[in-house]
Every structure is written in structure tokens, then in C-alpha cells.
A.B. asks: 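Just dropping this structure here.
Just the heavy atoms: all of them, side chains too, but no hydrogens, waters or symmetry mates, feed the values below. Computed from a predicted model, the values in this text were never measured in an experiment.
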Amino acid sequence: MYSNLEQIQSGSFSTVYKAWCSTLKKYVALKVIPKQKYTETGIMNEFKIMKLLGKKHPNICSMIDYYEDDNNYILVLEYCECGDLYDFLSIVKRQGSVGHPALIQLDFIKIIHQIISALTYAHNLGIAHRDVKPENILLTKEGNIKLADWGHATLDRVSKDFNIGTDNYRAPETFGCLNGYDTIKCDAWGVGVTLFYLMFGQCPFRNAEIPANGMDLYGFGSSSSSSSLSSSSSSSSNSHKKVAKCVNFQQYLVDPYGFIYRYFLEPIVCVHQGRPYNSNEGKPSFYVWQDMVNIYQIFYVCRIIVDNLATIDADDRFMSSSLILFDKVWNYNNNFNQGGVDHEMKDFNGVTENATLSNGKSNMTNNNNNLERKQIIGKSS
Ligand SMILES: Nc1ncnc2c1ncn2[C@@H]1O[C@H](COP(=O)(O)OP(=O)(O)OP(=O)(O)O)[C@@H](O)[C@H]1O
């Protein structure tokens, strides 16, 4: 029934193959999970969630079939020809340089809509994904996305599972809190960090090697005993080092706007002004999305993420209102490029003028609104 198997990826729990399905007469993806790597409860959870999600939503990678043999569980999934967004961006990154970034021929705003639409659909069914990240967002050849890997998903609205998801994309409360965390609000955080990745080509939170007896001064590692964010022994051969996760997380928690400015926005400004940027922190991205060429957009999008998605207080995270604001930015940008400015956006603009994405360097607001990003990062059109 399945032939021409070709390995796509080998993840921590599974190996994924592309295969020809003779009955459906199309390619499918086979996610093969060795029984020794996954508990029956785990696979049954993923299976149950995928069944509940069904095949209706165009931006959810649906399950076509499921079976098992003596050694493996096998999920038969819709096949997404262009792989995941993480790999896609790695390829694009290699094609660009600081002076000449590659152009991504996909609409950023469409991708935002599709991610939020898929999650909203799941949330309405009571399902939280809990592992939103670029690796789990698949791309079709038509340039649409499908949210995949529902292995960490849950139907519980409140969870005390502090060992789930991918550290750099996890909301602060998932590392440990008294009454458990709201799983749906966690997804909003994951979307926020993912959007930073999609815009700038790197996750804002990073791991670092520190001496085995060293204190992790910045992250949660040294202070939290129960969470998986705690510094863990590195698997590297160097036994005198350990990996501290999210070492710069604390800096974000203290001052999110300043952090994002320093990490992502300042490098873009530096390149524009011909100044060196601190290469230990963020770097300018080596690509631009085709519908995202204005520095004004970049600043607003960062602000919307910080205020509505990657917001420290989980109660303040709202995917739907972030979407309204994202749309306003894109509408404003279109009007702006056509020489018009709509009134509502003037107010919105006023909010940003007084706001502090810039860590005291607020000359990056209105005066530069009309600078095209390709100008800023020196792209010759
Ligand atoms: N339906 C699909 N079509 C195309 N590629 C896919 C598909 N499903 C998964 N992949 C590829 O395989 C990778 C691993 O898949 P998935 O995340 O589901 O497995 P996993 O074992 O849970 O991985 P990990 O534990 O490392 O997150 C994805 O990042 C993607 O590149």
C-alpha cells in the first residue's frame, strides 16, 4: 500500500518518511514511532487528539490513517512538500547576506493568519498544542502552512506538567507555578516567540554552556528546582560543562521592550547606520518577507507580539486581538505606500510614539516610519 519510502527527518521520538500511497494515489507522510521510545499512553494521546482535530481545517496537518506493528506505531499524515518552516528559513538564510538579504516569496501576514486560525480551531475543540515552534509548522507547495506534531497536545485547560514542549518556546509559567498553567494561553506565547523566529531568523532565547559548578545568573536554571528549565548536564563529552537553558530569559522578563530592541531591532539599525552590532546577541536577519519591507511594520509587529502574545502575564495574551492589530499594521502599510493614512492608524501610531520598544532610543519611531526595510538593510532592489 505504501511504497517508495524516503526518509524526511528523524526527530527525538520518530522518523518521518515520504511514501507513495497506492490507494489514495498521492504522497503521504509516515510518522514511525518506535515502541521503545514512546509509551502507549503517549501515542494514544496523539492519536486521540488527531482524531478529534479531524480533516476539516486547511491549516492543520491531518491524520489519514493509523496502525501499528510489533515494533512501531505509525501515523499516516498529509504530506507537506516544502518541509517545516525552520528548515525552510535555514535554506533561505544561506542565500542571503547582511547587505543582500534573500526575499521570501511568501506573505508573512497570511502565515500569521493561518497559524492563529489553526490554533483557534483547536482551542475551540478544547485542545492546546503546547509545542508551537517553526519546526512544527509545515509548508505546502502552495505556500500555505499546516500545524503539525500534536504529540504534546492536551485537552486539559489547566496543567501541572512542567516538563513539556520546547524550552526556548515555552511560556514562563510552564516551568513551574503553584496552581498549574493555562494550556491555551501557553500557545499564544509559543506563537509570539515563533513569530520572532520567522521575522529575524533566530529565537530570542538561547542556551549556553556554563561550567558544571557555575551559577546560571540570568536564566531560571539555578533557582528553580522543579522545572525542566533547570540547568541540565550537557550530553557533550566535556564533563566540566553543563547547558544552561534560556540564559537570557530573565532579561526579557525584566524588560521585554528593551530586550527586543537590543536583540533584534538594534542590529538592523546598526547595519543601516554602518555601525558594528554586538554579535553575541541578535543579528540582522538575512532575508525579508515579500510583504514586510517597512521598518515601521517591524517595530509594530514586535510591539504587538510583546503586548499580546509573549506577554509575561498569561491573562494578557489574546491571539484574536493580536490578529486585529497585525491586520491594522498591514492595512496601514498599504495605505501608507499609496500615500494615504487612515485615521484609526493615526491613533495606533500615537500609541507607539509614546511606547518604548526602543529602550530610551525612541528616535526609531515616526521619523523612520516611511523608510523601506530594504533601504534600511541595504538591499538593492
Ligand atoms: N506531514 C509531514 N510532511 C512533511 N514533513 C513532515 C511531516 N510531518 C513531519 N515532517 C517533518 O518531520 C519533522 C519531525 O516531525 P514531528 O515533529 O512530527 O516528529 P517528532 O518526533 O515529534 O519530532 P521532535 O520530537 O523532534 O519535535 C518535522 O519537523 C518535519 O520537518
A.B. asks: Applying side-chain hydrogen bond (donor to acceptor under 3.5 Å, both in side chains) as the test, list every pair that has at least one member in residues 311-321; sequence neighbours left out.
C.D. replies: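 For residues 311-321: E173-R317.
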A.B. asks: For residues 77-86, which residue pairs qualify under salt bridge (Lys or Arg N to Asp or Glu O under 4.0 Å), counting only residues two or more places apart or in two chains?
C.D. replies: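 Every pair satisfying salt bridge (Lys or Arg N to Asp or Glu O under 4.0 Å) with a residue in residues 77-86: E78-K146, E81-K141.
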A.B. asks: Would you call I164 and T174 a side-chain contact if the rule is heavy atoms closer than 4.5 Å?
C.D. replies: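 Result no, sub-4.5 Å side-chain heavy-atom pair not found.
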A.B. asks: Which residues satisfy the ring-ring contact (aromatic ring centres under 6.0 Å, His included) test with H123, sequence neighbours excluded?
C.D. replies: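 With sequence neighbours excluded, H123 shows a ring-ring contact (aromatic ring centres under 6.0 Å, His included) to no residue whatsoever.
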A.B. asks: Is a side-chain N or O of R130 found less than 3.5 angstrom from the main chain of H152, in a donor-acceptor match?
C.D. replies: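 Side chain of R130 to backbone of H152: a pair is present.
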A.B. asks: I'd like to check M199 versus C302 (side-chain heavy atoms, cut-off strictly below 4.5 Å). Are they in contact?
C.D. replies: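 Heavy-atom side-chain distance check passes, below 4.5 Å.
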A.B. asks: Rounded to the nearest 0.5 Å, how far apart are CG of D255 and CD of Q251?
C.D. replies: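 Spacing of CG (D255) from CD (Q251) equals 9.5 Å.
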A.B. asks: So do the side chains of D161 and Y181 get within less than 4.5 Å of each other, counting heavy atoms only?
C.D. replies: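 They are in contact (side-chain heavy atoms under 4.5 Å apart), so the answer is yes.
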A.B. asks: Applying salt bridge (Lys or Arg N to Asp or Glu O under 4.0 Å), which residue pairs with at least one partner in residues 89-117 are found, sequence neighbours left out?
C.D. replies: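 Residue pairs with at least one partner in residues 89-117: there are none.
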A.B. asks: May I ask you to decide if V132's main-chain N or O and N136's side chain share a donor-acceptor pair within less than 3.5 Å?
C.D. replies: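 Side chain of N136 to backbone of V132, a donor-acceptor pair under 3.5 Å: no, none is there.
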A.B. asks: According to side chain to side chain donor-acceptor pair (under 3.5 Å), who are the partners of S22, at least two apart in sequence or on a separate chain?
C.D. replies: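 If we apply the side chain to side chain donor-acceptor pair (under 3.5 Å) test to S22, skipping adjacent residues, there are no hits.
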A.B. asks: Report yes if some heavy atom in the side chain of N168 is under 4.5 Å from a heavy atom in the side chain of V193; otherwise report no.
C.D. replies: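 N168 vs V193: side chains apart.
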A.B. asks: What residue pairs, at least two apart or across chains, pass ring-ring contact (aromatic ring centres under 6.0 Å, His included) with a residue in residues 69-97?
C.D. replies: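 Those involving residues 69-97 are Y86-Y197.
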A.B. asks: Compute the centroid of each ring, for F175 and then for F162, and state whether the two points are separated by less than 6.0 Å.
C.D. replies: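 F175 vs F162: aromatic centres not under 6.0 Å.
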A.B. asks: Kindly assign one of parallel, tilted or perpendicular to the pair F259 and Y263, based on the angle between their ring planes and the thresholds 30° and 60°.
C.D. replies: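 Ring orientation, 0 to 90° scale: parallel.
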A.B. asks: Partners of K35 by salt bridge (Lys or Arg N to Asp or Glu O under 4.0 Å), sequence neighbours excluded?
C.D. replies: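 Expected list: E68.
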A.B. asks: Quick one: are V306 and R303 in side-chain contact, heavy atoms under 4.5 Å?
C.D. replies: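 No; the side chains remain at least 4.5 Å from each other.
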A.B. asks: With the side chain counted from C-beta on, respond yes when L147 and I137 share a heavy-atom pair under 4.5 Å apart, and no when they do not.
C.D. replies: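 With C-beta onward as the side chain, the pair touches.
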A.B. asks: Would you please say whether a donor-acceptor pair under 3.5 Å links the side chains of D291 and Q297?
C.D. replies: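 No, no side-chain donor-acceptor contact under 3.5 Å.
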A.B. asks: Any side-chain to backbone donor/acceptor pair from Y27 onto C80? Under 3.5 Å, distance only.
C.D. replies: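 Not confirmed, Y27 side chain does not pair with C80 backbone.
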A.B. asks: How far apart are the closest heavy atoms of S14 and I33, and which atoms are they?
C.D. replies: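 So the minimum-distance heavy-atom pair works out to CB-CG1, 3.8 Å.
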A.B. asks: Check whether any side-chain heavy atom of I260 lies under 4.5 Å from a side-chain heavy atom of Y252, and answer yes or no.
C.D. replies: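 Result yes, sub-4.5 Å side-chain heavy-atom pair found.
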A.B. asks: Keeping W189 on the side-chain end and P172 on the backbone end, is there a donor-acceptor pair under 3.5 Å?
C.D. replies: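 No: the side chain of W189 does not pair with the backbone of P172.
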A.B. asks: Does a side-chain heavy-atom distance below 4.5 Å link I312 with P256?
C.D. replies: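 Side-chain contact under 4.5 Å: yes.
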A.B. asks: What are the two closest heavy atoms between N179 and K160, and how far apart are they?
C.D. replies: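 Closest pair (atom of N179, atom of K160, distance): C-CE, 3.7 Å.
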A.B. asks: Does the T183 side chain pair with the main chain of D156, one donor and one acceptor, at a distance under 3.5 Å?
C.D. replies: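 It does hold such a pair.
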A.B. asks: Quick one: side chain to side chain contact (heavy atoms under 4.5 Å, CB included) partners of P34, sequence neighbours excluded?
C.D. replies: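 Scan of P34 (side chain to side chain contact (heavy atoms under 4.5 Å, CB included), adjacent residues dropped) gives Q36, K37, N72.
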A.B. asks: State whether the side chain of W150 and the backbone N or O of I60 hold a donor-acceptor pair below 3.5 Å, judged by distance alone.
C.D. replies: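 Not a single qualifying donor-acceptor pair exists.
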A.B. asks: I need the full list of salt bridge (Lys or Arg N to Asp or Glu O under 4.0 Å) pairs touching residues 179-193, with sequence neighbours left out, sorted by first then second residue.
C.D. replies: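 For residues 179-193, and leaving out neighbouring residues, the salt bridge (Lys or Arg N to Asp or Glu O under 4.0 Å) pairs sorted by first residue read R157-D182.
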A.B. asks: For residues 39-47, please give each side-chain donor-acceptor pair under 3.5 Å, one per line with the distance, not counting sequence neighbours.
C.D. replies:
from : atom 1 : to   : atom 2 : distance (Å)
T39  : OG1    : G42  : N      : 2.9
N45  : ND2    : A153 : O      : 3.0
E46  : OE1    : Y38  : OH     : 3.3
E46  : OE2    : K31  : NZ     : 3.1

A.B. asks: Which pairs would a plain distance check flag for residues 111-118, meaning a side-chain donor or acceptor within less than 3.5 Å of a matching protein atom at least two apart in sequence or in another chain?
C.D. replies:
from : atom 1 : to   : atom 2 : distance (Å)
H113 : NE2    : D327 : OD1    : 2.7
H113 : NE2    : D327 : OD2    : 3.3
Q114 : OE1    : N59  : ND2    : 3.4
Q114 : OE1    : I145 : N      : 2.8
Q114 : NE2    : N144 : OD1    : 2.9
S117 : OG     : H57  : NE2    : 2.8

A.B. asks: For V32, which fellow cluster members are found when Ile, Leu, Val, Met, Phe, Trp and Tyr are connected by side-chain heavy-atom distances below 4.5 angstrom, either directly or through intermediates?
C.D. replies: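 Noted: V32 shares its cluster with M1, Y2, L5, Y17, L24, V28, L30, I64, Y67, I74, V76.
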